[in-house]
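Counting starts at 1 for both ligands and their atoms, following the listed order.
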Amino acid sequence: MRNIDTQILAEDDAGIAAAVEILGSGGLVSFATETVYGLGADATNDKAVARIFEAKGRPQFNPLIAHVADIAMAKEFVEWTEEAEKLAEFFWPGPMSMVLPLKKNSGISPLVTAGHSSLAIRLPAHTVAQQMLTKLGKPVAAPSANISGKISPTTAAHVLADLDGKIEAVLDGGKCDVGLESTIIGLINKPTLFRPGGIPIEDIEGALGNRLNLETSPDTLVAPGQMSSHYAPGASVRLNADGWRYGELRLGFGPVACDLNLSETGDLIEAAANLFHHLHTLDARDGKSIAVSPIPNSGLGAAINDRLERAAAPRP
Ligand code: TXA
Ligand code: MG
């Protein structure tokens, strides 16, 4: 594969302008969002989107989320519904993506939707991402900016560890606040949870005024975040550890003695923000196994446990 000189762009006007220039000419820019760093390309440019898959080493062409600058831009590309309006009102900008019917002749590359007639769309809250999207004036397709199957990046350094030499630039926006990918809600038929994430399921149900469909139908798209083994560190992962075993790297939650603590006070928001960061740090210690304290399954705990179960799953 070709080796590119990857630029690190600061989160100032010059950095954002450079990122927009690169995206506009078909290049790849990893950019900070409030969830994780995205690996962005102009969503209307087939070649640029194809390069995302090459850079990530993705096994298949899975559908990507299109990031937009505002609701008006979202409406240009998808059929808006009453439920979409409600969820956008409550949770945008923020860590929630909606899958909606793609408009005809939308101009979105079919690689973004994996050829399907629906599009996942998100309005991120990070100001750097917002400025970049507003200046570009086009949607940006972006999966998480990691090599396929590895831990999602929450700093520019994580991105470079995986993608240095494979992309044109990283737009550094500091450490991601939420630290977990967006919650994905399907709005094609009955509102359906496609992926737990940065907005708790209970909050989405509260906004919609009804329960989400949790069943995955046979034709639900299978994408990397939904593969049983994903977010995998080099070490094996042992969950729900009530005590530690000799030689384990210890990832704690609550008031326990450990190597790194997701949240000493048992705060799930703090734990979510630290999750990928701590996994990266422990992974760099080259241990054989990482043990993780039990984590309650309420609120953001559902998304944290989802990611941990995938990190612990048998590797293909
Ligand atoms: O927080 C996030 O969502 C991050 C940041 C960068 O925005 N992005 C992210 O993208 O996590 P990625 O590619 O790692 O995950 C995309 C997910 C897939 O799991 C897939 O299931 C879902 O989006 N998806 C995309 N398009 C879809 C579609 N048309 N129908 C159903 N699911 C879709
Ligand atoms: Mg990902």
Q: Quick one: sort the Trp80 and Trp92 rings into parallel, tilted or perpendicular, breaks at 30° and 60°.
A: tilted
(Q) Against Leu282, only a single residue in Leu249, Ile151, Val237 fulfils side-chain contact (heavy atoms from CB on, under 4.5 Å); can you say which? (A) Leu249
Q: Answer yes or no for Ser144: is there a heavy-atom contact with ligand 1 below 4.0 Å?
A: yes
Q: Enumerate the atoms of ligand 1 whose separation from the nearest heavy atom of Ala120 is less than 4.0 angstrom.
A: 25 (C), 26 (N), 27 (C)
Q: Can you sort out which atoms of ligand 1 are near Gly38, meaning under 4.0 Å from one of its heavy atoms?
A: 6 (C)
Q: Pull out every atom of ligand 1 sitting under 4.0 Å from any heavy atom of Ser118, numbered as shown with elements.
A: 28 (C), 29 (N), 30 (N)
Q: May I ask you to test the Phe90-Ile199 pair for a side-chain heavy-atom distance under 4.5 Å?
A: no
Q | Atoms of ligand 1 close to His67 [distance to a heavy atom under 4.0 angstrom, numbered from 1] | A | 5 (C), 6 (C), 7 (O)
Q. Which ligand 1 atoms are under 4.0 Å away from a heavy-atom of Phe194?
A. 31 (C), 32 (N)
**Q.** Nearest atoms (heavy-atom pairs only) where Cys176 meets Thr35
**A.** CB-O, 3.2 Å
Q | Closest candidate by heavy atom, reference atom 17 (C) of ligand 1, pool Ile184, Ile185, Val178 | A | Ile184
Q.
With nothing but distance in play, are any N or O atoms of Thr35 less than 3.5 Å from an N or O of ligand 1?
A. yes
Q: May I ask you to check whether Ser182 has an N/O atom sitting below 3.5 Å from an N/O atom of ligand 1?
A: yes
Q. If you measure from CZ on Arg51 to CG on Leu28, what distance do you get to the nearest 0.5 Å?
A. 4.0 Å
Q: Would you check if the Mg ion (ligand 2) lies under 2.8 Å from any N, O or S atom of Ser144?
A: yes
Q | Nearest-option assignment for atom 15 (O) of ligand 1, heavy atoms, candidates Arg195, Glu181, Met96, Met98 | A | Arg195
Q | Heavy-atom gap Thr113 to ligand 1 smaller than 4.0 Å | A | no
**Q.** Electrostatic pair Arg122-Glu34, nearest N-O below 4.0 angstrom
**A.** yes
Q.
With ring-ring contact (aromatic ring centres under 6.0 Å, His included) as the rule and sequence neighbours excluded, what pairs involving residues 117-159 come up?
A. His158-His277, His158-His280
Q.
According to side-chain contact (heavy atoms from CB on, under 4.5 Å), who are the partners of Ser263, at least two apart in sequence or on a separate chain?
A. Phe253, Thr265, Asp267, Glu270, Ala271
